[in-house]
J.: 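Pasting in a structure now, in structure tokens, and then I'll have a few things to ask.
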Amino acid sequence: MSADKTAITPTRAQDFPEWYQQVVKAADLAENSETRGCMVIKPWGYGIWELIQQQLDRRFKETGHQNAYFPLLIPLSYLEKEAEHAEGFATECAVVTHHRLEAQKDEATGKTKMIPTGELAEPYVIRPTSETIIGAAFARWVQSYRDLPLLINQWANVMRWEMRPRLFLRTAEFLWQEGHTAHETKEEAIAETRLMHRVYEEFLRDHLAIPVVPGEKTENERFPGADMTLTVEAMVQDKKAIQAGTSHYLGQNFSKAQDISFTSRDGVVQYAHTTSWGVSTRMIGTLIMAHADDDGLVLPPRVATQQIVIIPVTPKEDTRQAVLDACHALAETLRLEKKFHGDPLRVHVDARDLQGGVKKWEWIKKGVPIRIEIGPRDIETRKVCVQRRDQAPNAKEFPDKEDFLRGATDILQEIHDALLRRAADFRDANIIPCDSLEPFHAHWAQDNPGWLLTPWAGTSGEEEELSKRHKITIRCLPLGKQDAPEAPCFLTGKPTKSRALWGRSY
RNA sequence: CGGGGCGUAGCUCAGCCUGGUAGAGCGCCUGCUUUGGGAGCAGGAAGUCGUCGGUUCGAAUCCGGCCGCCCCGACCA
């Protein structure tokens, strides 16, 4: 193999979107299905989702939430209750209109066709999100201030009839969690919105090694029906932005529309303040675009379906069994004795009867953080061959087995830290301050323009104009930057303490 | 929903213009060789050529309807 050959063709530099597709394929994460816009998530990819689920769910429970489950089908009339909300999703709803099929034989061809029949009096919409149907339940559950706060989360699938699907990033059906809460006061609801926003930021940083810019969406970019939308924005390797998670303060918009009311401490009937927040399988797409390289996927250790893969090297038949035994023994020791952030290590022995090189490259493409090779010589010298996914494919070290055992979880943490640092450096290098119009316009003519941070005091209309002109959006008003030194807005010249972050996005 | 392109083996595609009834590479299976390595050689399995209809002695190939997919826009977690 020549030194410049990569496992993935094309490379990121050659064709980023195609590279992405090839990584998904090479890592065996998911594939397109017969159903338009919907993907089949394969075990290696679903394993990542399961880990995301487990670890996020733990945080939700720690912050006082409980899981529940609500129907997939929402009566059409529910979507008519909150006008803005309905309008926001109207163009991407799948509608269920019939409840049975009738077999009909075509006399000419002899084939049987199934004809929908039994039309429903009121159609159902397959949930694009569940505010309305959960709100209806909340209306029944909330009677008194003593019923509040109501802190519910649901793990579910939703469907949005997207025009241009892309594996993980934008599929018609996707998996997510949606938190829905109801509170007595605005302050409490906003505190909840901010809390979950922070949970997302920490999760992305500490579990996925993705640094994000936390901030607030402008009115133009808000969730339909929300008073405030908080977002975590990730920058991926083509310098585009991906909204990795959102947390919304819904004010009393939904509670008024759906009558989520309660008798307050002073005996007055009031409307609850509600929130909703969610992350989806899109995070897997974000993770790929943030960390993968020209040899395939690179998994942050905490969400790696397997963290360590041990490849037996069996050149001779007479030492084969001893090598296999040594591999299994090491795997078992790692599983039983080592923990990474509280979870037992996930270790796999790849004993398949394939050539070593084939196996090695397969695990590189699948992004396994640590590869171990053990052969007859290593058994004699009591060493192991250690290779890391954050280093070159042919880089290897030969520590004593005992030393490796002692330091295995440290290596995982080092890999996590290295991924995070690399991504953070990249992001920081590609957020450019900009305080006047000329360079702003010029910036977006570049190929992969990165983000601009500007003083901003423009109106929604002015924002929209700039957005359309350059195919950009205000990704967010970054959280820590809304009390900056007063400066003239780059567009209007009005003095402002606020800063806006502009970029192209997925 | 507008503008382009394409549906042929599991995958990527050639063949279509100039109709004569199906090919390559990769993958898969078998055998031999190789073995700290994404190997080599030999053999093999696998396609009602998206679908319905028309023209023709004969259609993957020509004509029409339908269905689906991809790319560029509008829309979006």
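These values consider heavy atoms only, across backbone and side chains, with no hydrogens, waters or symmetry-generated copies.
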J.: Select base, sugar-phosphate, or nothing to describe what A:Leu169 touches, counting heavy atoms under 4.0 Å on all strands.
T.: base

J.: Of the candidate nucleotides B:rC75, B:rC76, B:rC11, which contains the atom at the shortest distance from the side chain of A:Arg170?
T.: B:rC76

J.: Tell which nucleotide pairs with B:rC69, taking only Watson-Crick or G-U wobble pairs whose two distances are both under 3.5 angstrom.
T.: B:rG5

J.: Touch check for A:Glu162, heavy atoms < 4.0 angstrom, all strands: base, sugar-phosphate only, or nothing?
T.: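 Here A:Glu162 touches the bases of the nucleic acid.
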
J.: Just one of A:Leu208, A:Leu51, A:Ile52, A:Asp206 clears the side-chain contact (heavy atoms from CB on, under 4.5 Å) bar with A:Arg302, so which one?
T.: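 Exactly one option meets the side-chain contact (heavy atoms from CB on, under 4.5 Å) with A:Arg302, and it is A:Asp206.
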
J.: Between A:Lys360 and A:Phe89, name the one whose nearest nucleotide on RNA chain B is closer to the 5' end.
T.: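 It is A:Lys360 whose nearest nucleotide is closer to the 5' end.
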
J.: Which nucleotide, if any, forms a Watson-Crick or G-U wobble pair with B:rG31, using both distances under 3.5 Å?
T.: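 When the pairing criteria are applied, B:rC41 turns out to be the nucleotide that pairs with B:rG31.
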
J.: If B:rG20 has a Watson-Crick or G-U wobble mate with both distances under 3.5 Å, name it; if not, just say none.
T.: B:rC57

J.: Any cation-pi pair here, A:Arg160 with A:Trp176, using under 6.0 Å and within 45°?
T.: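 Pair A:Arg160/A:Trp176 counts as cation-pi.
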
J.: What is the separation between atom CE on A:Met39 and atom P on B:rA77, rounded to the nearest whole Å?
T.: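 It works out to 16 Å between those atoms.
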
J.: Please determine if A:Lys240 forms a cation-pi arrangement with A:Tyr506, meaning its NZ or CZ atom is less than 6.0 Å from the six-membered ring centre and no more than 45° off the ring axis.
T.: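 Flagged: A:Lys240 positioned over aromatic ring of A:Tyr506.
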
J.: With sequence neighbours excluded, what pairs up with A:Tyr20 under the side chain to side chain donor-acceptor pair (under 3.5 Å) test?
T.: none

J.: Taking a pair as Watson-Crick or G-U wobble with both distances under 3.5 Å, which nucleotide is matched to B:rA14?
T.: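 None - no nucleotide pairs with B:rA14, as no candidate has both distances under 3.5 Å.
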
J.: If you find the nucleotide of RNA chain B closest to A:Tyr506 and the one closest to A:Gln21, which residue's nucleotide is nearer the 5' end?
T.: A:Gln21

